[in-house]
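What follows is a set of notes on a single structure, which appears directly below.
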Amino acid sequence: MSRATENEHRSERRYVHAFTFGNFLIGTGVMLAPGLLMVLSSDLGTSVPQTALLITVAAVAMCIGSPVLATLTSRVDRRTVLASSLTLYAIGHALCAFAPSLTVLIVVRTITLLGAAVFTPQAAATLGIVIAPERRAAAITAVFLGWSVASVAGSPLSAWLGAHLGWRQTFGLFAALCVLGVIWVLRVVPAGLHGTSLSRDAWRQVVQHPALIAILVVTAVSASGQFTTFAYIAPFVAHTLDPSPNTLSLALALFGLAGVIGNVWATRRIGTAGPTSNVTLSLWSMCAGMLVLAAAGASWAGFVLGALAWGGGVFANNSSQQARLVAASPALAGASIALNTSMIYLGQAIGTSLGGAVIAGSSYSTLPVVGAVVLLAALALSWRAERRNR
């Protein structure tokens with residue numbers, strides 16, 4: 001390898017590492033609410049479905065905000081956009097720590113999570129500028145490892161801190177961690193780096209692109225199936241396995257560990273098998289995991305097996321879907337990835353609402369059954385999307 005090539009690879013790795021940490025912060029922030037759901041419900045004197053509005057309202061805002069903010073920031077240099085989104089995350093989570101009521105917390109957290117609607121798609125789009133084409137799909141998939149690490153470390157730790165220190169202290173500590181992300185991005189991303197401006201014509205082309213729309217629908221449906229159960233993971237674990245907060249943290253860590261393994265697998269496999277194959281296997285894995293949780297989640301053996309299968313597919317699916325969009329139309333990647341983020345959050349809103357309805361009409365143990373049915377629908381839609389793409 002020549003010195004120039006080695007320097008190029010080193011530069012690319014700096015971007016990947018910084019954006020992976022940024023996605024770790026984004027993922028941890030998004031998943032704070034599910035892990036703290038029981039603590040927040042108890043402290044604020046609200047029911048679990050009411051407290052879950054923290055997830056639903058923010059998800060709707062991020063769904064709408066992602067394409068809008070992608071358009072508004074498309075002419076701004078990447079350094080400013082990415083650092084500003086993490087700065088909003090830091091300030092917003094610090095303010096969340098002082099929220100006097102659920103209503104105020106919902107409003108502040110919803111505004112804060114608009115940073116997530118910006119960072120993840122813009123980080124992926126930035127990689128499309130600075131990474132060589134032959135390594136682009138693997139880099140985009142690798143950056144999603146940050147979400148996996150958020151599951152294995154950030155989410156369980158926040159749940160444990162919430163139970164032992166309180167949710168206000170947890171928000172405050174996380175805000176301080178976000179400052180490190182801002183500094184890292186400012187050190188790595190140079191000023192003056194611009195992507196393709198997202199015009200009305202770019203959005204029109206995405207909307208009129210049958211393959212892209214079909215892939216985006218898969219993202220929305222698969223996210224709905226995931227969040228039917230994951231939004232209520234804290235009460236689900238308490239109801240089916242053990243109400244101890246330590247058990248919840250261990251369960252989230254197990255889920256996250258599987259996510260890291262799945263994402264690494266997806267990153268290594270995508271170059272040879274392609275993103276569509278990854279998506280198919282990850283959806284089957286999630287579906288199987290949820291069915292195992294429904295049938296045997298009350299035992300540790302059943303829960304471990306189900307969580308590993310479910311978690312192993314989640315982030316492999318999300319990262320592979322992004323790579324799938326880039327492969328389908330590289331020129332429209334900026335717009336399609338922003339819409340893919342919207343579809344993830346739309347799925348969160350739908351899944352959380354569906355899960356709340358299931359709880360009201362049945363019980364927590366029914367949640368993974370409903371989630372598995374939705375994921376089977378995602379599999380059928382994914383097969384249809386691949387036919388359109390061909």
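Sequential numbering from 1 along the given sequence is applied to the chain's residues.
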**OP:** Go through the structure and list residues passing side chain to side chain contact (heavy atoms under 4.5 Å, CB included) with R204, not counting sequence neighbours.
**Re:** D201, Q208
Subject >> Check: G274 main-chain N/O paired with S277 side-chain donor or acceptor under 3.5 Å >> reply: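 A pair under 3.5 Å: no.
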Original post:
Any donor and acceptor pair, going by atom type alone, linking the side chain of T228 with main-chain N or O of L367 inside 3.5 Å?
Top reply: no
**OP:** May I ask whether L241 and V304 are part of the same hydrophobic cluster, defined by side-chain heavy atoms of I, L, V, M, F, W, Y residues being less than 4.5 angstrom apart, directly or through others?
**Re:** yes
Subject >> F174 and L25: CA distance, side-chain angles, deciding distance, side-chain contact (heavy atoms from CB on, under 4.5 Å) verdict >> reply: CA-CA 8 Å; F174 178 67; L25 296 173; 4.1 Å; yes
Original post:
For the residue pair F255 and F230, is the inter-centroid distance of their aromatic rings smaller than 6.0 Å?
Top reply: yes
Original post:
When the ring centroid of H93 is compared with that of Y89, is the distance short of 6.0 Å?
Top reply: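 Distance test on ring centres: under 6.0 Å, yes.
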Subject >> W300 side chain reached by T247 side chain, heavy atoms, under 4.5 Å >> reply: yes
Original post:
Quick one: are L40 and L105 in side-chain contact, heavy atoms under 4.5 Å?
Top reply: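 Answer yes - side chains close enough.
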**OP:** Hydrophobic side-chain clustering at under 4.5 Å (ILVMFWY, transitive links): who's grouped with L95? Put none if nobody.
**Re:** I91, V104, V108
Subject >> For L173, the rest of its hydrophobic cluster, which grows through side-chain links under 4.5 angstrom >> reply: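 Cluster partners of L173: L157, W160, L161, L165.
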Original post:
S363 and S365: side-chain donor and acceptor closer than 3.5 Å?
Top reply: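 Indeed, the side chains of S363 and S365 share at least one donor-acceptor pair under 3.5 Å.
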Original post:
Heavy-atom count around W284 CH2 within 6.0 Å, excluding the residue itself: above 12?
Top reply: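 It does not: W284 CH2 has 12 such atoms or fewer within range.
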